[in-house]
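Just below is one structure, and these are the notes that go with it.
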Amino acid sequence: MNIQPWAGADVFPALCRALLTWHKSAPDTRDLPWRDEPTPYHVWISEIMLQQTRAAVVRAYYLRFLTALPSIHDLAAVNDDALMKLWQGLGYYSRARNLKRAAQVIVKEHGGDLPNDFNALLTLPGIGRYTASAIASFAYGQPHPAVDGNFLRVAARITANPIDIGKDSTKRSLEAALSVSYPEGRDAGLLNEAFMDLGATICLPHGAPLCHSCPAAQLCLAHDRGTEQDYPVKSAAKARRKEKHTVLILSCGDRIAIRKRPTKGLLAGLWEYPHLDGKQSKRAVRAHLEDEGFRILSIDPLPPARHIFSHIEWELTGWAVTVAEKNEPPLMAAETASDAPSSLLWVRRAELAETYSIPAAFGYFTPYM
């Protein structure tokens, strides 16, 4: 990787001093429970949850997760369905799978303790440079800047640097430029918190930054020029691929049909409601289900929905379908290969709420069971 020096980095020592002083003197108004007890396990769980998810959303999930799984040993041993139920609603479910995989490695190879070596942390599933830096600084007091979008935005504005913040090389460049100014001990974590809090509350990503409240305004080249909103620069994201699916809330007596998704690909291994590709009409849904051996009692339309993933957008049509009771409800899509959907599993509504995790992409239709 070709890593260029960060232009204007000579201001970073003064920036770090200013932010650390500000953070130590400012009242903590964000009420983030993971800051109360920054043990390695707590830091790790919170940082994984905070990837792609707002802190306000994470708070309740974090507290519930630690109540259910208070230690790395508990996480390593948890049942997959129980883990996914704890994670339901946070999205990006591969994060939860990697947490369990990493916990099992930690128990087997590190005696149940997260390693305190940065490079050793990088070998664990789901832990990249940012998360390793966060754990190293918050939990172990090591001088590692945890460079995320907040860091990049603040640094780009302070130095009026038009570098593309979407590139990995840019993050590495900022890491290298900041690391020489980072303290050790508790201040390492506090400085990371200062960058994060400044970006979250003052040097805002959308709309005008609150420069009048910024402790580093006098150091900021973009502020001096009145060009704050020209930074940061980020290359345009690729357009999302659009797909259409028809979701079936299929009921038989007091049971609802779900099935497990393939073990690879989008939402791998999670439970879903059965669905068909494309936007299917009532007549097409009826014909398909009758071909599968169902005797249909009613089909009613459900409100349409849309779900956006990072790279795909789903347009969802829904139908509530009631089928006749049988001793053994018929199966649909009964493939057993690991790369195909599983057979239908018929579960009681209470079981669905308590045991099985339905991702948000299908959860739009859960109220219509």
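FYI, side chains are in, hydrogens and waters are out, and symmetry mates aren't considered; it's all heavy atoms of this structure. As the structure is a prediction and not an experimental result, all values here were calculated from the model.
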How are the rings of [X] and [Y] set relative to one another: parallel (under 30°), tilted (30 to 60°) or perpendicular (over 60°)?
X: Phe12; Y: Trp6; answer: tilted
X: His275; Y: His245; answer: perpendicular
X: Tyr368; Y: Phe365; answer: tilted

Q. Do Asp197 and Arg35 meet the salt-bridge criterion of a basic N to acidic O distance under 4.0 Å?
A.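 Asp197 and Arg35: salt-bridged.
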Q.
Taking Arg255's backbone N and O only, do any of them form a donor-acceptor pair with Glu351's side chain (distance below 3.5 Å, no angle check)?
A.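 No: the side chain of Glu351 does not pair with the backbone of Arg255.
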Would [X] and [Y] count as having a side-chain donor-acceptor pair, cut-off 3.5 Å?
X: His23; Y: Glu193; result: yes
X: Thr131; Y: Gln51; result: yes
X: Thr246; Y: Thr317; result: no

**Q.** With Asp80, the salt bridge (Lys or Arg N to Asp or Glu O under 4.0 Å) member among Lys85, Lys100, Arg97
**A.**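 Only one of Lys85, Lys100, Arg97 forms a salt bridge (Lys or Arg N to Asp or Glu O under 4.0 Å) with Asp80, namely Lys100.
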**Q.** Any Leu32 side-chain heavy atom under 4.5 Å of Arg59 side chain
**A.** no
Q. Phe294 versus Val321: any side-chain heavy-atom pair under 4.5 Å?
A. no
Q | Arg157 side, atom CZ; Thr227 side, atom OG1 - distance, nearest 0.5 Å | A |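 Separation between the atoms: 10.0 Å.
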